[in-house]
Amino acid sequence: MHDLWTDLLGCLDLRPQQDYPNSESAVPRRDNTHRATTLSVFEGTNQRLEYHRLFGGQLLAQFVGAAVAACPDKAVKSVHVLFAREGKSDAPVYYIVHSQHQGRSFAALTVTARQKGEVIGTAAVSMHAVEEGFAHQSVTADSPLLPPESRVHLDLIPWETRASADLDDTAVGPPGYDLWMRTPEVDQELAAPLVAYATDLNLIGTALRAVDGVGQRGNGTTFTSATTSHTVWFHRPFRADQWLLLRHHSPILAHGRCFGRGDVFTEDGALVASFAQEALLRFRP
């Protein structure tokens, strides 16, 4: 049995490539039509999961990692991902990074994820050189760290987690969910990819709390779901190996889709990231 934590860290170790297979050379060049320069190409391995499709969190984490590797003098400010089609676990994913703009303070990148010749996702990434400035925060966490008896096991999360509710419960509840998490000790540069990974896991389940008789494990039986777009904004530097609160909320479920959003707080209440997601959600008759 492989170790899920080591497996995930391996996925975040993207390998630079000279080109994308069966494509033009990826040597930096100017596209006169779109004024974009190809910065880099990276190959990413996949998690070894029991099912044969890719978890969206893996792609989110690798999108963030590819942007940082291509533009190491800046940090990711936001990443907006569109999932074009389902990825498969039997082939590597290639991330082609294009620069739309690079200045002293900001950069704008477009990252395309390709597998077996097809686009499986695209990301618009905004980056910012870290700078000091006035700070004000109007939102508060107002939630102390949950006790050890609130510890939960989440299949795709290979680190300690504590939750305010059980998303497998089929009883009706408010569409909110608090998840505390802390990874094993890890370099700070991996904090953003790891949190991006975690934000993809529970927003659909949070939306389902408002539906009587349905829990998140009903995917494929009572309902069908798939993430279509996901955005993460990073506000402040933070560490993933210190306690973080991921606060989820789903304000609407309608027309075969659900929408959710959330914030990420440190244990002392600092808001360090926010996230939002839209997903396909169809109930079976």
Side-chain angles (χ1 to χ4, degrees), residues 1-29 31 36-71 76 79-99 109-125 154-158 186 189-190 192-201 203-204 219-220 224-232 277-280:
M1 182 68 178
H2 69 277
D3 175 66
L4 185 58
W5 172 245
T6 303
D7 190 35
L8 177 56
L9 292 181
C11 292
L12 297 180
D13 186 16
L14 301 177
R15 296 187 291 269
Q17 304 291 306
Q18 287 300 311
D19 55 35
Y20 170 67
N22 303 318
S23 75
E24 298 177 2
S25 170
V27 174
R29 59 188 182 276
D31 183 327
T37 300
T38 302
L39 289 182
S40 311
V41 177
F42 300 95
E43 179 184 352
T45 59
N46 300 320
Q47 293 175 283
R48 291 172 287 173
L49 304 176
E50 292 182 0
Y51 52 89
H52 299 294
R53 58 186 176 87
L54 299 185
F55 172 46
Q58 175 200 304
L59 297 178
L60 281 165
Q62 289 176 327
F63 273 123
V64 172
V68 172
C71 195
V76 173
V79 54
H80 177 66
V81 176
L82 295 176
F83 295 99
R85 54 172 54 84
E86 184 178 276
K88 302 298 184 182
S89 62
D90 60 351
V93 180
Y94 292 89
Y95 295 86
I96 299 93
V97 183
H98 293 269
S99 172
L109 308 178
T110 301
V111 187
T112 304
R114 301 182 67 94
Q115 186 183 57
K116 297 182 177 180
E118 295 184 322
V119 174
I120 62 172
T122 60
V125 183
L154 301 176
D155 291 344
L156 291 170
I157 301 292
V186 68
E189 65 186 21
L190 292 179
L194 290 170
V195 163
Y197 175 92
T199 62
D200 187 47
L201 187 62
L203 279 170
I204 296 174
N219 193 10
T224 299
S225 68
T227 302
T228 55
S229 66
H230 193 103
T231 301
V232 186
Q277 180 185 93
E278 185 181 62
L280 164 81

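All of these numbers come straight from a predicted model, not from anything done at the bench.
When the side chain to side chain donor-acceptor pair (under 3.5 Å) test is applied to Asn219, the partners found at least two apart in sequence or on another chain are Ser225. Every residue meeting the side chain to side chain donor-acceptor pair (under 3.5 Å) condition with Glu278, not counting sequence neighbours, appears here in chain and number order: Arg257. Applying the side chain to side chain donor-acceptor pair (under 3.5 Å) criterion to Tyr94, with sequence neighbours excluded, gives no partner residue.
Here the side chain of Asn46 pairs a donor or acceptor atom with the backbone of Ala91 at under 3.5 angstrom. Put simply, the side chain of Gln17 never gets that close to the backbone of Tyr95: no donor and acceptor are under 3.5 Å apart.
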Pair His230, Phe83 - check side chain to side chain contact (heavy atoms under 4.5 Å, CB included), show working.
CA-CA 8 Å; His230 193 103; Phe83 295 99; 4.0 Å; yes
Quick one: do Thr227 and Val81 satisfy side chain to side chain contact (heavy atoms under 4.5 Å, CB included)? Show the steps, please.
CA-CA 10 Å; Thr227 302; Val81 176; over 6 Å; no
Side chain to side chain contact (heavy atoms under 4.5 Å, CB included) between Val97 and Phe42, worked out
CA-CA 8 Å; Val97 183; Phe42 300 95; 4.1 Å; yes
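Smallest separation of non-hydrogen atoms from Leu109 and Cys71: CD1-CB, 4.3 Å. Closest approach of Val64 and Ala196 over heavy atoms only: CG2-CB, 4.2 Å. Of all heavy-atom pairs between Ile204 and Ala226, the closest is CD1-N, 4.5 Å. Closest heavy-atom contact between Ser40 and Ala70: OG-CB, 3.8 Å. When all heavy atoms are compared, the tightest approach of Leu12 to Gln62 is CD2-N, 4.4 Å. Of all heavy-atom pairs spanning Val79 and Ala123, the tightest one is CG2-CB, 4.1 Å.
Between Leu8 atom CG and Leu156 atom CG the span is 9.5 Å, to the nearest 0.5 Å. Atoms NZ and CG, on Lys116 and Asp90 in that order, are 3.5 Å from each other to the nearest 0.5 Å. Note that CD of Glu86 and CD of Glu118 are 11.5 Å apart. Values are rounded to the nearest 0.5 Å. For the atom pair CG of Leu201 and CG of Leu60, the computed distance is 11.5 Å after rounding to the nearest 0.5 Å. Considering CG of Leu4 and CD of Gln47, their distance stands at 6.0 Å, rounded to 0.5 Å. Trp5 contributes atom CH2, which lies 5.0 Å from atom CG of Leu194 (distance to the nearest 0.5 angstrom).
With a 4.5 Å cut-off on side-chain heavy atoms, Leu54 and Gln115 count as touching. Counting only heavy atoms from C-beta outward, the side chains of Leu59 and Asp200 never approach each other to under 4.5 Å.
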